[in-house]
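See below for the structure under consideration.
Within every chain, numbering begins at 1; the chains are lettered A, B, ... in the order of the sequence lines, protein sequences first and strands thereafter. Computed from a prediction, not measured in an experiment: that's the story for all the values here.
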Protein chains: 2
Amino acid sequence: MSHTPLPSTLTRSVEDYLKAIYRLSLGGAPAGTTEIAHLLDLAPASVTGMVKRLSEQGLLEHVPYKGVELTAVGRRAALRMVRRHRILESYLVAFLDYTWDAVHEEAERLEHAVSDGLIERMATALGNPSVDPHGDPIPAPDGTMVELVYTPLSEIPVGQSVELRRVETGQADRLRYFAEHGLVPGAAVMVVARQPFGGPIAVRTSGGEQLLGAELAGLLLCAAGAP
Amino acid sequence: MSHTPLPSTLTRSVEDYLKAIYRLSLGGAPAGTTEIAHLLDLAPASVTGMVKRLSEQGLLEHVPYKGVELTAVGRRAALRMVRRHRILESYLVAFLDYTWDAVHEEAERLEHAVSDGLIERMATALGNPSVDPHGDPIPAPDGTMVELVYTPLSEIPVGQSVELRRVETGQADRLRYFAEHGLVPGAAVMVVARQPFGGPIAVRTSGGEQLLGAELAGLLLCAAGAP
DNA sequence: TGCCAAAATTAGGGGTGCCTAAATTTAATT
DNA sequence: AATTAAATTTAGGCACCCCTAATTTTGGCA
């Protein structure tokens, strides 16, 4: 099955818009221009202008005053950027001694500059991984991705041991904090307490430490039941 | 000794101008705007405009109608780009299976996007090399570079064997041709003939092949006398 | 239903960096 | 010294992508 070719020359700016709209599209609803503006740190009016241009290019569909959705072409372009980003992060951690909290910024710039060929060479060197250091799934070169569904830690019963599979934050300081306490993908943790109403959660790490915090609830995901 | 800090945010375009002007400055004379335009594939009038802006920023000195020269700050910024480019080329060849004729284009884009930190990590992984795969010297992180002076092959007497040290061309097809016949830095060659008036030259490679061509004269450099 | 606040868009403007076409300067030649 | 061709600069414009301020639309709520 052949694809409509992706536009060959997207600017860095356009690539960032597509990534942002893709991220927002995961929420299910069409992305609002203000949401996009917030993610990209731009004024909403600027987004309206760019959105108009990208619609004309067929990368997204815009219903004025309603919202923005990626077209099939736009989604492939966005997933291509996601693949680049996650392969880059994986490569930097595996081969150039980066820590998982330090790779994001570097990948954020490189993803706009590397060729597809280099990404594939890096992927090969890594053994074609399916997840990156944060446990995020890596889209395939053809732009397909299996979104892995994990159970949020906040839904694991008290007393159960599980394996962390994914740490969903890009914030370097949080990642550093998690890493210091062994909360990385693959780690085993036991839920030891929970506040009422789904609030903060407490876990015991394999190192015997006990940690408490609201961040733990949503940011750490796991495969339910796996020790 | 401390340096004037380099401007922290140079655009890709500015970085390319500085690199081009640096290359032309090696010829000794101030660079002309038309020369720069030719190197960057731009209209001469565009160069005049940019040159004006860069002079105001203190990156170069422009004497209207005469020519352009880098200031100390501009030269350091240019050498920083040269280091990035050559470390990147070296890394791609050493660790990601690129051939020396394929790295230029990739490095040309990456050099604008990588952080100084990543370049230094790559340099460390390479063992802090002083020359890149083409034999070109790599500037130090502080922006100093020893320009190695080799004897052009065209000046080696007929019958003498020498070691190639540097292949001075960025043209991928020529590099491929040279590589196919073993003409890479480190190779031993013997000059077997020369046309009158410093014209084309003929060499015998260690593989016993005999090659003739005008390109050989200027593009291949060697350490005189070394076998 | 009518009004209000939030969201989104339009209007107008600025910086960058490129272009073409029209001067202008320089340097070489006669 | 005058002419001329090449190099260079100026003038005027355009595309991109951002901004602020003003206006329009929407959706919820009294």
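- The two atoms that bring B/R176 and B/D101 nearest to each other are NH1-OD2, 2.8 Å, heavy atoms only.
- With contacts defined as side-chain heavy-atom distances shorter than 4.5 Å, the pair A/L88/A/V114 qualifies.
- Annotation: ring-ring contact (aromatic ring centres under 6.0 Å, His included) contacts of B/H134 (sequence neighbours excluded): B/W100.
- Bracketed by its first and final contacts, the part of DNA chain C lying under 4.0 Å from non-hydrogen atoms of chain A reaches from C/dA7 to C/dT10 in 5' to 3' order.
- Atom CD of B/E105 is surrounded by 12 or fewer heavy atoms from other residues, nucleotides or ligands within 6.0 Å.
- By the neighbour-count criterion of 12 heavy atoms within 6.0 Å, atom CD of B/Q57 is densely surrounded, having more than that number from other residues, nucleotides or ligands.
- A heavy atom closer than 4.0 Å to some atom of DNA chain D occurs in B/A45, B/T48, B/K52, B/H62, B/P64, B/Y65, these being the qualifying members of residues 45-69 of chain B.
- Using a 4.0 Å cut-off on heavy atoms, the residues of residues 17-33 of chain B that approach DNA chain C are B/Y17, listed by number.
- In terms of modelled atom types and a separation under 3.5 Å, the side chain of B/S46 and the main chain of B/L42 share no donor-acceptor contact.
- B/S25 places none of its side-chain heavy atoms less than 4.5 Å from the side chain of B/E69.
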* A/R83 and A/R80: CA distance, side-chain angles, deciding distance, side chain to side chain contact (heavy atoms under 4.5 Å, CB included) verdict -> CA-CA 5 Å; A/R83 175 174 174 82; A/R80 174 168 166 269; 5.8 Å; no
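- For residues 10-33 of chain B, the set of pairs meeting the salt bridge (Lys or Arg N to Asp or Glu O under 4.0 Å) definition, not counting sequence neighbours, comprises B/R12-B/D16, B/K19-B/E108, B/K19-B/E111.
- Residues satisfying the ring-ring contact (aromatic ring centres under 6.0 Å, His included) criterion with A/F95, sequence neighbours excluded, are A/Y91.
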